[in-house]
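First up is the structure itself, then whatever we jot down about it.
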Amino acid sequence: MTSVGIIGAGQAGTLAAVGLMNAGYDVTLYSDRTAESILNDTAPTGTAFIFGDTVAVERKHGVETFEDVAQPADGIHLYFNPKVGQELVQIKGELGEHAGYAVDVRLKSATRMTQLEAGGARLVIEKVTPERLDEIAAEHDLTIVATGKGDLAGLFERDPGRSVYDAPQRYLGMVIVKNIATDGSAFPNRLPGFTPVCFNFYGDIGEFFWVPFYHKTQGRCWNLVIEARTDTPLDTYRKVSSGDEMMERVREIVRTYAPWDWETMKDMDLVDDDTHPWLRGAFPPTVRRPVAHTESGHAIWGLGDSSFAFDPIGGQGAGCGARQAGYYTDAIIERGDGPFDETFMEETYRGFYEWHGGPSYNFTNLLLEPLDSTGRFVLTSAFGDPRVSQRFFQGFNRPWELYPMLAQKDLAREWVGAAAGGSWRTANAKGTFNIIVGQLRQKTRGRHFAYDDES
Ligand SMILES: Cc1cc2nc3c(=O)[nH]c(=O)nc-3n(C[C@H](O)[C@H](O)[C@H](O)COP(=O)(O)OP(=O)(O)OC[C@H]3O[C@@H](n4cnc5c(N)ncnc54)[C@H](O)[C@@H]3O)c2cc1C
């Protein structure tokens, strides 16, 4: 029987492990922590909201999706502000079949580790070192490294042709909070009756957003992510050392920069029964080479954040890792008895990169940059026609629908025209009109705009 060793019990590694076990492979999962320790002694590595197609991948490979208990995010709403105080554009869209879930990754890992043990896979609790990895790779027909962004990921060389950045683009913060309704009543000013992902984008200071979340013990609640540009007024939590202090900063940020949501969120507080309900930190968004070699020359394969590390701004990292796990699992099954050599690893990766990984990474990076004229054209058109904004947000589930479209004006015009069921000109003209009206309203409130539409 083909034996597969997987290092790392995060959401990507455990998905591949269960998928391969269910397909009859001899699977060993190496984790530096027990399931109990992941649940109780760590913070989630991120919000890890995944869209509908990724949930389908989880379902296909036989892991618990928590769809029966978690609250789906069934829409997305965005306030786009060129600068603080310039509340310019609101766009929104229902997600429909693209709706997804943010389930605590600690719960996913622990549940799947239990499933693996019950299903006959081996679970080895050890912190794998490069020396041990050499031995593990010698023992298995295929060895996959899914240890997240740090640690063994460093064995996989950064791909300089594909990695756009060599430094972090935002300083990130995350808190998991209670006391905000998850039944569709919380944000009537955004998408009434829905429980949407609520984005706030500011051209000058960064972004922050809230996502309905399923917590490991508290169930339905919300997860807030802050993305601060360096040395801006949002960049206030680099040195916080406790959850309470972090919560203080987050409250201040919401009260100051998203007054439209403050009434709903004023009583929020950290969830109970969690020693690690918050995060802060930064990393450069990175694409790594798919294959590395151990000391003795065994080829090893990167997966999840060890392969692609995304800024969370577009909610793509966990989704990409899970889709990659599903894609690799399918490719392994298709390959039958092997060989699972370097050529197989490289070619499988190439297919994944072209289909999903590349568009997802490049789309995410566009969101980190100032809007160029193509981005402004799409945003304006989305403001002019709800069908365009709906299709835009649904595209987060299938990032190849948004990239390279968002980077090429002719493709963007074609895409807007198709989304609007006719010509791009009407949607764009309506959006431009809406912006002018918004600017006039803002002027009467004594504020100023610096947003130029060029279609
Ligand atoms: C603030 C924030 C918000 C985010 N929001 C989203 C979002 O909404 N949507 C989205 O798609 N993505 C999001 N992401 C990204 C997402 O959370 C990650 O991409 C995802 O959780 C990574 O999963 P992983 O399995 O690749 O790695 P990890 O979750 O890092 O798992 C790696 C595992 O390997 C173990 N390990 C490490 N070293 C070793 C070793 N040497 N030996 C054995 N085990 C080891 C670790 O303990 C861990 O259990 C967000 C990220 C952040 C920071």
Side-chain angles (χ1 to χ4, degrees), residues 5-17 28-35 37-39 41-51 53-55 73 76 100-106 108-110 112-113 123-133 136 144-155 168 170-176 197 199 207-213 223-228 237 246 278-283 285-286 288 302-325 360-361 364 396-397 399:
I6 299 174
I7 330 295
Q11 57 98 36
T14 52
L15 179 57
T28 306
L29 180 72
Y30 299 83
S31 170
D32 58 352
R33 290 176 180 274
T34 60
S37 171
I38 289 177
L39 266 180
D41 309 331
T42 67
T45 36
T47 315
F49 176 83
I50 55 171
F51 288 88
D53 284 2
T54 312
V55 180
I76 300 183
Y101 300 85
V103 173
D104 199 321
V105 287
R106 299 169 295 185
K108 287 189 174 186
S109 290
R112 295 172 189 178
M113 287 165 88
L123 197 55
V124 179
I125 305 301
E126 71 169 285
K127 183 169 172 59
V128 174
T129 59
E131 296 71 37
R132 266 294 286 145
L133 187 58
I136 290 168
I144 299 173
V145 174
T147 52
K149 290 183 274 291
D151 203 62
L152 298 177
L155 297 173
R170 301 286 190 273
Y171 193 81
L172 305 169
M174 185 191 84
V175 287
I176 308 170
V197 174
F199 281 119
E207 305 76 18
F208 49 88
F209 47 94
W210 1 115
V211 183
F213 188 74
N223 186 303
L224 277 54
V225 177
I226 319 284
E227 302 230 349
Y237 47 87
M246 186 70 187
W278 66 285
L279 268 184
R280 65 172 174 78
F283 58 90
T286 305
R288 296 186 181 279
L303 174 66
D305 277 12
S306 298
S307 181
F308 294 91
F310 291 76
D311 186 282
I313 195 166
Q316 296 290 314
C320 182
R323 302 283 274 275
Q324 191 181 18
S360 189
Y361 179 73
T364 299
F396 280 51
N397 184 32

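Computation of the quantities below employed the complete heavy-atom set of this structure, encompassing side-chain atoms and omitting hydrogens, waters and symmetry-equivalent molecules. Whatever order the structure lists ligands and atoms in, that order sets their numbers, starting from 1. All figures in this text were calculated on a predicted structure; none of them were measured in a lab.
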At a 4.0 Å cut-off, with the gap strictly under it, does some heavy atom of [X] reach an atom of ligand 1?
X	answer
A9	yes
G319	yes
K149	no
R33	no

Minimum heavy-atom separation for [X] and [Y], please, with both atom names.
X	Y	answer
S306	V145	CB-O, 3.7 Å
V225	M174	CG2-CG, 4.2 Å
A153	G148	CB-O, 3.3 Å
F49	A73	CE1-CB, 3.4 Å
G100	V55	CA-CG2, 4.4 Å
L15	A322	CD2-O, 3.5 Å

Distance, nearest 0.5 Å, that separates [atom1] of [X] from [atom2] of [Y]:
X	Y	atom1	atom2	value
T42	R33	OG1	CZ	6.0 Å
T28	I136	OG1	CD1	9.0 Å
D311	Y361	CG	OH	10.0 Å
R280	Y171	CZ	OH	4.0 Å
D305	T286	CG	OG1	10.0 Å
F308	R288	CZ	CZ	12.0 Å

Quick check: [X] and ligand 1, any N/O pair under 3.5 Å apart?
X	value
D151	yes
L303	no
F283	no
I7	no
V105	no

Nearest to [atom] by heavy atom, [options]: which?
atom	options	value
atom 24 (P) of ligand 1	G8, A12, A48	A12
atom 18 (C) of ligand 1	I136, I50, D305	D305
atom 2 (C) of ligand 1	S31, P312, P130, G281	P312
atom 37 (C) of ligand 1	T147, T364, V175	T147
atom 5 (N) of ligand 1	T45, T47, I226, L15	T47

Which ligand 1 atoms does [X] reach within 4.0 Å, using its non-hydrogen atoms?
X	value
E126	42 (N), 43 (C)
G317	10 (C), 11 (O), 12 (N), 19 (O)
G304	26 (O)

What protein heavy atom sits nearest [atom], and how far away is it?
atom	answer
atom 9 (N) of ligand 1	F49 O, 2.9 Å
atom 33 (C) of ligand 1	G10 N, 3.6 Å
atom 15 (C) of ligand 1	A318 N, 3.9 Å

Mind checking whether A146 contacts ligand 1 via backbone (N, CA, C, O), side chain (CB onward), both or neither, at a 4.0 Å heavy-atom cut-off?
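Just the backbone.
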